[in-house]
2 protein chains.
Amino acid sequence: MGIGTVEDVETRELRYFVAVAEELHFGRAAQRLGMAQPPLSRAIAQLERRLGGALLERTSRVVALTPAGAVLLREGRAALAAVEAAERRTRRAAPGRAEVVLAVKAGASAELLAELLDAHAAEPDAVPVEVLLVGVGEQGAVLRDGRADVALLHRPYDDLTGLDVEELGTEGQVAVLPAGHALAGRTDVVLADLADLPGLPAPRWSGPAGRPDGSGPEVRDHAQLLQLVALGRTFAVFPESVRSQLGEGLTTVPVLDAEPVTTVVAWPPHSRSLAVAGLVRTALRL
Amino acid sequence: MGIGTVEDVETRELRYFVAVAEELHFGRAAQRLGMAQPPLSRAIAQLERRLGGALLERTSRVVALTPAGAVLLREGRAALAAVEAAERRTRRAAPGRAEVVLAVKAGASAELLAELLDAHAAEPDAVPVEVLLVGVGEQGAVLRDGRADVALLHRPYDDLTGLDVEELGTEGQVAVLPAGHALAGRTDVVLADLADLPGLPAPRWSGPAGRPDGSGPEVRDHAQLLQLVALGRTFAVFPESVRSQLGEGLTTVPVLDAEPVTTVVAWPPHSRSLAVAGLVRTALRL
DNA sequence: CGGTACCGATACCCACAGGGCATCGGTGGG
DNA sequence: CCCACCGATGCCCTGTGGGTATCGGTACCG
């Protein structure tokens, strides 16, 4: 607005800075960026002039972030993510592609998901919905980086920061066990009963951390986990609704002291498109 | 990642596109951007090639957004805001400047604010906090564009989309009236009593809309509004805690059917700096 | 129905910003 | 003390972003 708007920060400069700030080494950063080191040094220097302060402390032996640099690393990453999300969402808006991508943890909320898709398809203004199955913990990422528009996720397990959310329902949790297991006959258990079961180690979630990790086999999503339970290699603690999708050979036992799980529908704060709003409204009516 | 990463979108291109999409006119957009029309046309064409689809429908008489263009307008604005926020926050991180800026509606939550600042100053790791007084409805904007790091705001009045939030407390609302007013002696009132009071029109909030607008004098913030009430020009409906900051000549009467107001502390989702976290923690202990 | 005013696209040209290569200067380790 | 490492500097070049002139299509008006 007006004369003298010094000149704005370009995403290229942000990418350069983030690379250097992550590597803390101009040479390696330049290599990662596919360019030579001198222009990178100059670009950073120019960015520092433009922002009116040092971002990096260089002794010719070591590179470190200044406080301002630490701020720009955090904020710059977020800004770059926003730009990339904009790009992806625009690409996805090409004619002929599904208007809405719904991200769901593979193997979770199967019943709810089916209901939701049916209800949505029955709507008069129904737009095609693409379902994207992701691993546990990737939900937020996929939503934030523009690969999906809406997601079903679960409190308190999934990270909801920066997302807009509506609650769909809360349920208790049950242990999923091989039918023949010693605990399978119990009317209920507590978490302590499940810790260190002989021959039945807790599963370990791959991908971004966040939930308590066991020592057993590594799994990416609920579908994999259920399969491993059926094979007698581990157990699982899932929301009650998992019962509807269990085959032969698996039993469930209520876990009295497990936190209740709330299923929520979430979307990135700007993506208030009509299509997303419609899907959310449908979900809330279930 | 790897070879063939076609080339990324620059913020300059986003600014160009947003200008054209808002003006729906290449000439005016170019003028607004301080450049000539031809390079602008080319830049948009290049952006369309890069994103693999038309963003604008041009007949030589009228320019309109395609669906993809509408998406990019929404998402691009958000991305640009993120970049500008990154820039502002980095500038603010220069040594010697306050580490945390707390945005508060002028005239609101005075007591809570004082308590919070006192409590925070008493902390061992206390960093200087700058208080930014803003008009009603500007809270979110100020947080999102990087001028502030934390804000006190009020549900359900303020828009919390895209912000991370912790609740601080809920209170009922009272009507603030000139002491001599007819209703001032009542033990309680309902909202209907306040509608269309002879000679006492409801105030009108300037700035971004959102709350019910009256026909009376226009005000920017709570402080202005209280002043006008004292002058007998309007009335106000405020959270109970306003009582502590009323001078002579003003009375309060509980409003039975007014929605309770929840005061929350909010911050942008990435700005998880230690300083912000500390302030939030202090607020939660009050 | 022809003229004209308007608007985005095209053609052409220039300047400079961004990138490469060679080298310097400071610093810590052997 | 020398060498290896690393970021900064100097210098050159190319690509692209921007400017001016003009085209081509369309709607409006006399």
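Computed over heavy atoms, backbone and side chain alike; hydrogens, waters and symmetry mates excluded. By convention in this document, chain letters (A, B, ...) are assigned in the order of the sequence lines, proteins followed by strands, and residues within each chain are numbered from 1.
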If I take atom CG in residue L40(B) and atom P in nucleotide dT16(D), what distance separates them, rounded to the nearest angstrom?
19 Å

When you measure from the side chain of F26(A), which nucleotide among dA8(D), dG18(C), dG8(C) comes out closest?
dA8(D)

If only side-chain N and O atoms of R42(B) are considered, is one of them under 4.0 Å from the OP1 or OP2 phosphate oxygen of dA9(C)?
no

Salt bridge flag under 4.0 Å for residues E87(A) and R91(A):
yes

Side-chain N or O of R58(B) closer than 4.0 Å to phosphate OP1/OP2 of dC7(C)
no

Distance below 4.0 Å between S41(B) side-chain N/O and dA9(C) OP1 or OP2:
yes

Regarding dC6(C), can its base be found pairing with the side chain of R61(B) as donor and acceptor, where the two atoms are less than 3.5 Å apart?
yes

Consider the side chain of Y16(A), meaning its heavy atoms from C-beta on, and name the nucleotide among dG19(C), dC21(C), dG19(D) that approaches it most closely.
dG19(C)

Between Q46(A) and dA17(C), does any side-chain N or O lie under 4.0 Å from OP1 or OP2?
no

So, is T59(A) close to the dT27(C) phosphate, meaning a side-chain N or O under 4.0 Å from OP1 or OP2?
no

Salt-bridged, R15(B) to E10(A), with N to O below 4.0 Å?
yes

Start at the 5' end of DNA chain C and walk down; is the nucleotide closest to R28(B) or to P39(B) reached first?
R28(B)

Does any donor atom in the side chain of T66(B) or E57(B) lie under 3.5 Å from an acceptor atom in the other side chain?
no

